[in-house]
Structure formats: structure tokens, C-alpha cells
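Written below as C-alpha cells is the structure these notes are about.
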There are 2 protein chains.
Amino acid sequence: MPRPRSLTLTQIAAAALAVVDRDGLAAVSMRTVAGELGMGTMSLYRYVSDRSQLEELVVDLVLRAVDLHVPRGGPAKRLGVLADRVRVAVSGHPGVVPLLLTHRHRSPSSRRWGETVLAVLTDAGLTGEQRVIAFRTILGYVFGALQVAHFGPLSGPGTAALAALPPEEFPILAETAADAATIPPEEEFRRGFAIVLRGLGL
Amino acid sequence: MPRPRSLTLTQIAAAALAVVDRDGLAAVSMRTVAGELGMGTMSLYRYVSDRSQLEELVVDLVLRAVDLHVPRGGPAKRLGVLADRVRVAVSGHPGVVPLLLTHRHRSPSSRRWGETVLAVLTDAGLTGEQRVIAFRTILGYVFGALQVAHFGPLSGPGTAALAALPPEEFPILAETAADAATIPPEEEFRRGFAIVLRGLGL
DNA sequence: TTCGTAAGCGTACACCTTACGCCTACGAAG
DNA sequence: CTTCGTAGGCGTAAGGTGTACGCTTACGAA
């Protein structure tokens, strides 16, 4: 009966994500996103109640791109693939990393990914406290690795910045930064996750 | 010759931290922090160039409280203690977690902690790429665990919220949330870190 | 006592989120 | 085909934010 919606929440999220990718996270505001959609600022509030909810939508859109089909193979293989898919999805939108870190917990896609990971863990024979610890360790590593990859002292622009530090105060850090420069990000992520998996006995 | 400074950067950071602890991160602004110090808004800019730099100061203040004396024991014991000290320091100021995640890489205290961890790893016989991966995995876990502990679906308020979810879509997540409720945060952190250490062969 | 330097602050501006109320597009009912 | 109720879209405005600029003033050294 009433007038139908002209936009979906996904379209709104896509517009916000476009602004992030093009002009950076700092450029995101209710005005710029509304402008991206060709509508007035206040019209956005017909769809989202809040700026925070808009950010949530963006996070969910990025995480929705993660394929949740569990590949064939042992638990280690399965978990490795699931984790790496998150890395890939996020690496395509580096600007949203700060948003991911603070809004991930409210994203349905994030929860679905968690459910999938838990299914693999359960399938591998884990239950009770063991499963809780394993799950939280994996979660911690995956999002911690994303944090480190984008804000870390040994990755991306951080590595170069670190090399310029006083080597007398940070001798090993400087040396390690030099070593780190030769390892591509995916390899770092995968080898780090392999360590976690080994610790889990999978 | 000129008029001396009346405040130190540490005092500024402490004032900002006090605002965070009392009124939450959202309450932090140049005005409120200046008010906390009993000075005008613009006076703050004599000390920091930026809001971002103010946040950096807060992060560094929190991390400065981490004791960097390496305890006696094997590498696992040493790293476990160093990691847990970060957890303790941060858990006293939950409001700064989002700041930690985004500004950690510019904090000198954070770098000093990293140098200390690297020294332990070196002492344990790690070098080259192996050391890079080990370091980044530890870094990823520690800050990832902080992220998860404060924004996670299985911790703090998140656990209860999750239990209220549709169990038909997230059956294992709901079950795991119930299991998680009985494990105290320090134990989760320590056992998760133990998994990482085991994976590292330490 | 005088003077130069930098501390501290008042004002102002651009921009942000968002509350409120008007106009209008639309689909269903008559 | 007309009418009407609902909700979509937007203009305006208020309150809060970061910060540029320039004035006043406290202080230490000469």
C-alpha cells in the first residue's frame, strides 16, 4: 500500500564502500554517502538509524563476500581456506579494516563464518571448553593478523618506517623488519595460521 | 628564557585517559580533555598537533604500564608473561581498545614491547624468516585476542547477546556461547596463547 | 627594570550527526 | 478513474566537533 522503497540496504552499503575505496575512510559521512546515492542527507535516515549502523552495513557487505562452502580435506586444510578467504575479502578493501575491528561482532555474515568454523572444529572432534578455546584462538589470530597486516610495524609502509628507526634502541626490530620485507602478505598470513593450527593439533 | 611548559605530555595523556575511563571513548574531544585539565581548548594544541596525536599519547600511556623485565624461565614462560602483562594493562582500560587497535603501531612503548619479545625469540634460537613469522603470529594473537575479548561474540556482553540468537541458524555458536560463559577471560587468553606457543614449538 | 619568547585563550569557520516537519510519490480501495 | 493513507524523500536548523588565527600575558634572562 505505501510507497515502496527505492533502495536496498545492500545498495546503501555498496555506496558507502565505494566512498571508502575511492576517497578513504575519513571521507565517509552521511552527506558523502547520500551524495553517492544521489539523494539528500536525511533520506539516508529512512534506511539506517545511525552512522554506526551504516558502518555495520559496510562491514557486513565486505564479509558477505566470503564463500562459506567448506572445501574437501582435513580440518587444517578446511580452516586454512576459510581463514584465507577472509583475508582475501578484506585485502580488497583495506580502508574498512578499522571498521571491521570495531563492528565485526554485530555482522550476521561474521557470525555465519563463525558458525562454519565451529562446524569444522566440531567435525574434528572438539567439544566443550576445548572448542571454545580453539574457536577464540582462531578468531583472535585471524582478526589480529588483519590488524597487524594493516597497522603493523613489520608490514606495508610500517616496515620501511621502522627501518628508519634508531637501530641502537631497536636492533632486533630493525633487523627483523629487513627480513620481513621479502615475505609477501599472504605467505605471512598462511604460515602464521599454520602455526596456530599446529598448536591446535589439527 | 621563554615561559616554561606547565604540563607534560604524560599529564595530558592521563587526563584523556581519565575521560575515557569515566565517560567512555565517545566523550573524548579536544574540549573535554582540555576541560579535564582546566585549560582552554586551544591550549591543548600547544602540546599536540592533532587529535590523532592525542589518541596516540593515550595508547602509549596504557602500554607504558607494561613491565618489560623478562622473567626467568623458558621461552614459553617468558613470552606468556610478556603477553599477559599486555592483557592486564589493557583490561584496566577497556575503553581504549579501539584506540589501541588503530594507533598501536605508532606507540614507542609498543615498539619496546616488540623488541623485548623479539629478544626472547632470538634467545630461543629463532632467526630470519622463522623469527618474522613467529613475531607476527604472536603480535596477531595478542592484539586479536584483545579485539575478540572486547568485541567478540563469545565474551563479555556478547555471550549473552548471542544466546538470544535464533539457535536454528547458529546452533553451534549458541552452544559454544553457553560453554564459554564458564571460562574467565584470563584463562581464555592464556590457554589460547599456549596454543600459539605450542604451534611455535616453544 | 626591560624585553623576547612562547604559553594560554577567545573567536570564528567549516563540517559533522541528527531532530523535526513539510511535500510528494505510490498502491490499494471505492 | 478518482481518492486517500502511508511512508519516502528532503529543507532547515540546532548542537557538537576539529582546528586556524591572532591577541594577551606570564615568565626567565639580560
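In what follows, chains are A, B, ... by sequence order, proteins preceding strands, each numbered from 1.
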Answer yes or no: does a side-chain N or O of Ser43(B) lie under 4.0 Å from OP1 or OP2 of dC9(C)? yes
Taking OP1 and OP2 of dG9(D), is either one under 4.0 Å from a side-chain nitrogen or oxygen of Arg46(A)? no
Considering only nitrogen or oxygen atoms on both sides, find all protein atoms under 3.5 Å from nucleotides 25-30 of chain D and state each distance.
{"residue": "dG28(D)", "atom": "O4'", "partner": "Met1(B)", "partner atom": "O", "Å": "3.1"}

Figure out the [atom1]/[atom2] separation between [X] and [N], and round it to whole Å.
| X | N | atom1 | atom2 | answer |
| --- | --- | --- | --- | --- |
| Ile12(A) | dG8(D) | CD1 | C1' | 12 Å |
| Met39(A) | dA25(C) | CE | C1' | 13 Å |
| Leu7(B) | dC9(C) | CG | P | 10 Å |
| Leu44(A) | dA19(C) | CG | P | 14 Å |
| Arg5(A) | dG27(C) | CZ | P | 15 Å |

Do His103(B) and Glu55(B) have side-chain N/O donor and acceptor atoms under 3.5 Å apart? yes
Phe143(B): which residues meet the ring-ring contact (aromatic ring centres under 6.0 Å, His included) condition with it, sequence neighbours left out?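 Once residues adjacent in sequence are excluded, Phe143(B) has no partner under the ring-ring contact (aromatic ring centres under 6.0 Å, His included) criterion.
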Pairs touching residues 180-202 of chain B that satisfy ring pair (Phe, Tyr, Trp, His ring centres under 6.0 Å), sequence neighbours left out: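 Qualifying pairs: Tyr141(B)-Phe189(B), Tyr141(B)-Phe193(B).
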How would nucleotides 11-20 of chain D be written as a contact map, 5' to 3', with B for base contact, S for sugar-phosphate-only contact and - for no contact, using protein heavy atoms under 4.0 Å? BB----BBBB
Between Arg106(B) and Asp60(B) (salt bridge meaning N to carboxylate O under 4.0 Å), is one present in this structure? no
Any donor-acceptor pair under 3.5 Å from Gln53(A) side chain to Ser49(A) backbone: yes
Between the side chain of Glu36(A) and the main-chain N/O of Ala15(A), is any donor-acceptor distance below 3.5 Å? no
Results of side-chain hydrogen bond (donor to acceptor under 3.5 Å, both in side chains) for Thr122(A) - residues two or more places apart only: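 Only Arg131(A) meet the side-chain hydrogen bond (donor to acceptor under 3.5 Å, both in side chains) criterion with Thr122(A).
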Hey, can you pull the donor-acceptor pairs under 3.5 Å for the side chains in residues 89-98 of chain A, sequence neighbours left out?
{"residue": "Ser91(A)", "atom": "OG", "partner": "Arg87(A)", "partner atom": "O", "Å": "3.3"}
{"residue": "Ser91(A)", "atom": "OG", "partner": "Val88(A)", "partner atom": "O", "Å": "2.9"}
{"residue": "His93(A)", "atom": "ND1", "partner": "Asp21(A)", "partner atom": "OD1", "Å": "3.1"}
{"residue": "His93(A)", "atom": "ND1", "partner": "Asp21(A)", "partner atom": "OD2", "Å": "2.7"}

